[in-house]
Amino acid sequence: MRGAGRVEFLDPDAGLHLECDAADVAREVARLEADAAPRWVWRDTREWAPALLDAGVRVARCHDLRLCGAILASSTATAGAGSVVRDRPHWLPVGPAEAVLGAAAAPAAPVDRGPALFEVDPGPGPEQTESPSAADLVVEHDRQVALAAASDRPGAMRLLLAAESAGALIAAELHGAGLPWRRSVHERVLEEALGPRPPVGRKPARMDELAVRVRRELDAPALRLDSQADLLRALRAAGIGVDSTAKWELREHDHPAVAPLLSYKRLARLLTANGWAWLDEWVVDERFRADYVAGGTATGRWATSGGGALQLPKAVRAAVVADPGWSLVVADAAQLEPRVLAALARDPAMAAAGRGRDMYRSIVDAGVVATRDEAKVALLGAMYGATTGDSGRLVPQLARAYPRAMALVDRAARDGEAGRQVTTLLGRSSPVPPRSWHEAQAAASQPDATAVDERRARSSARDWGRFTRNFVVQGTAAEWALCWLAGVRTRLAELGAGRSRAAASGPVFERSPHLVYFLHDELIVHTPSETADAVADAVLESAAEAGRLLFGEAPVEFPLDLAVTESYASADA
DNA sequence: GACTGTCGCGCC
DNA sequence: AAAGGGCGCGACAGTC
């Protein structure tokens with residue numbers, strides 16, 4: 001697995017210590033999984049899970065020291081943990097979210113790079129530091145367990161660490177399984193929108209036709225539509241008073257060039273983001289294998305690197321089709337974040353609205369706002385910190401009806417504006433603002449501060465406040481989703497147990513239902529069709545369980561939109 | 001030629 | 001319709 005030599009696996013709780021030759025790891029892990037159901041403790045799931053999966057071995061449980069160490073290190077919930085050592089060992093790399101935000105937290109941050117919200121300092125990759133010994137792993141695991149136990153809410157923190165670790169396993173498994181992707185369907189979508197695949201260096205026919213029309217309407221025969229700067233100049237020369245080439249601005253103008261230009265931009269986006277080149281690069285053997293990055297963002301949402309799995313446009317989802325004899329179970333949590341807010345704030349009026357299937361409709365029925373659209377915009381505005389436009393105008397109405405919910409997000413915003421951390425339900429904390437942020441605040445409080453200094457400081461304080469306002473809701477929603485996902489994984493393993501024993505020597509994902517996609521509040525299971533109903537039940541049960549794990553019997557429901565289908569495209573509500 | 005910053009836009 | 005949170009990515013433009 002990792003070259004030659006001895007490797008070590010641990011389950012300190014079970015007193016289990018596996019030491020064997022590298023070549024035997026997969027077999028030994030498989031044996032112990034069957035016999036002892038261990039919780040493996042390792043530095044980084046990314047070091048082990050891919051090769052184990054390649055060898056046909058799935059691990060039921062693990063503790064990922066890297067991800068859990070990152071949560072514990074920055075959590076306000078462990079701030080009062082007394083004598084427990086808070087320093088992580090040098091062999092434990094920072095998590096991906098910290099790699100982005102780490103420079104902000106590090107006292108020795110490099111020079112100020114300007115007013116960016118985040119500063120970048122890529123941490124070491126999984127293989128760049130020396131491997132820890134078994135004794136190192138035991139010491140670090142003990143430290144993390146002690147820190148969790150000494151935290152403000154030990155049960156919540158233990159749940160978060162377990163969910164985060166399960167997420168790391170699932171991320172590896174999603175990559176291993178791949179999303180079923182029908183190349184022929186994708187190609188048909190592209191040809192219908194763009195025309196036949198053009199030779200290298202040529203634009204698709206539909207884009208050429210639209211470009212001709214735009215140039216004619218703008219009276220700019222040599223215009224390159226792909227250059228924002230040239231395009232903006234040409235638009236203004238034609239009397240279209242836009243400040244950018246963004247489509248929401250263009251839509252406001254009633255000029256014959258606008259319609260073909262918007263069409264051109266839509267096609268250009270499809271071509272560059274998910275065109276033939278994407279298909280060639282990312283779809284192999286009818287599978288799209290994204291690189292998921294568990295714990296990849298500050299709020300605990302995942303990130304992906306490569307392939308753009310977080311932004312698969314609706315137009316190409318038709319290519320996600322189950323294998324013959326198999327089905328997709330597609331599920332997403334409806335209106336997850338507003339429901340999380342209601343439960344988190346224990347706001348009785350908002351929780352009442354969160355009891356029905358359509359929370360926005362319930363808000364209208366309660367007489368808070370006039371239309372469902374207004375309810376949606378107002379609620380999103382409350383969570384994101386909108387101050388202007390329709391959204392900003394509607395927020396005060398919401399605040400009168402749901403004072404406790406509003407107080408929760410307002411408090412989070414004030415904390416952020418003051419430079420304080422905020423923390424999710426289970427204990428994940430926001431990063432501290434970057435050094436440049438603190439410097440901007442300090443500059444504004446100097447006696448010789450200029451109006452520009454003060455404006456800049458106020459603006460960056462509010463920016464950070466919007467981030468922390470959203471953090472508690474988005475981060476807690478991510479915790480719900482992780483618990484949901486982990487529950488689904490466990491239940492699928494039970495469903496597939498009989499099948500996979502029958503196929504013990506075959507590929508891991510060949511015969512039993514398995515997760516193939518996850519996106520914030522949405523998941524897809526690929527399953528033999530005869531098991532689809534049982535999978536659907538498992539997905540629903542897991543959602544109910546996630547609600548109970550986070551909020552006990554709080555009176556908020558987390559309904560799913562769920563479909564058993566052959567194609568992702570037909571699952572859209 | 002390699003790198004970085006910005007824009008624009010897709011997703012939640 | 002508007003432009004408030006979180007992302008990734010490709011294209012362009014400017015810089016070295």
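Computed from heavy atoms alone, side chains included, the values below leave out hydrogens, waters and symmetry copies. Letters A, B, ... are given to chains in the order of the sequence lines, protein chains preceding strands, and every chain is numbered from 1.
- In this structure, of C:dA3, C:dG4, B:dG8, it is C:dG4 that holds the atom nearest to the side chain of A:A386.
- Rounded to whole Å, atom C1' of B:dC11 lies 9 Å from atom CD of A:E522.
- Each of C:dG8, C:dG6, C:dA2 was ranked by its minimum atom distance to the side chain of A:Q311; first place goes to C:dG8.
- When each of A:R466 and A:D373 is assigned the nucleotide of DNA chain C with its nearest heavy atom, A:D373 is the one assigned upstream, toward the 5' end.
- With 3.5 Å as the limit, one finds no donor-acceptor pair spanning the side chains of A:Q311 and A:N274.
- A:N470 has its CG atom 13 Å from the P atom of C:dG4, to the nearest Å.
- Contact annotation: A:R301 side-chain N/O to C:dC7 OP1/OP2 distance is not under 4.0 Å.
- Put simply, A:K314 has no side-chain N or O that comes within less than 4.0 Å of OP1 or OP2 on B:dG10.
- The interatomic distance linking A:F471 (CZ) with C:dG6 (P) rounds to 11 Å, in whole Å.
- Residue ring and base: A:Y384 counts as stacked with C:dG5 (centre distance below 5.5 Å, interplanar angle below 30°).
- DNA chain C is contacted by both A:L310 and A:W248; A:W248 maps to the nucleotide lying nearer its 5′ end (nearest heavy atom per residue).
- A:T468 and A:S430 are not linked by any side-chain donor-acceptor pair at a separation below 3.5 angstrom, with hydrogens and angles left out of the test.
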For nucleotides 10-16 of chain C, list the nitrogen or oxygen atoms of the protein found under 3.5 Å from its nitrogen or oxygen atoms, one pair per line.
{"unit_1": "C:dA13", "atom_1": "OP1", "unit_2": "A:S227", "atom_2": "OG", "d": "2.5"}

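- Between A:T388 and the phosphate of C:dA3, there is a side-chain N or O to OP1/OP2 separation shorter than 4.0 Å.
- Rounded to an integer number of Å, the gap from CE of A:M383 to P of C:dA2 is 21 Å.
- Under the 3.5 Å distance criterion, with hydrogens and angles disregarded, a donor-acceptor pair is assigned to the side chains of A:E479 and A:T424.
- Nucleic acid contact class of A:S391 (heavy atoms, under 4.0 Å, all strands): base.
- Using a 4.0 Å heavy-atom criterion, one finds that A:V377 contacts the bases of the nucleic acid, with or without backbone contacts as well.
- A salt bridge is defined here as a Lys NZ or Arg NE, NH1 or NH2 lying under 4.0 Å from an Asp or Glu carboxylate O, and A:R456 with A:D463 fails to meet this definition.
- With C:dG8, C:dG4, B:dC9 as the candidates, the nucleotide lying closest to the side chain of A:A246 is B:dC9.
- Between A:K376 and A:E337 no salt bridge is recorded (no basic side-chain N to carboxylate O distance below 4.0 Å).
- By the 6.0 Å contact criterion, CG on A:D280 is enclosed, its count of non-hydrogen atoms from other residues, nucleotides or ligands being greater than 12.
- The distance between atom CD of A:Q474 and atom C1' of C:dG5, rounded to the nearest whole Å, is 6 Å.
- Taking every side-chain heavy atom of A:A303 into account, C:dC7 is the closest of C:dC7, C:dA2, B:dC9.
- Within the structure, a side-chain polar atom (N or O) of A:T245 is placed less than 4.0 Å from OP1 or OP2 of B:dG8.
- Across the protein-nucleic acid pair, A:Y568 atom OH and B:dC11 atom C1' stand 9 Å apart, rounded to whole Å.
- When rounded to the nearest whole Å, the span between CG of A:D521 and C1' of C:dG6 equals 12 Å.
- For the pair A:D561 CG and B:dC12 P, the interatomic distance rounds to 12 Å; values are reported in whole Å.
- Nearest nucleotide to the A:L519 side chain, out of B:dC12, C:dA1, C:dG8: B:dC12.
- At the heavy-atom level, A:E374 lies nowhere under 4.0 Å from the strands shown.
- With hydrogens and angles left out, the side-chain atoms of A:S429 and A:Q421 include no donor and acceptor closer than 3.5 Å.
- Aromatic ring orientation, A:W484 versus A:W480: tilted (interplanar angle from 30° to 60°).
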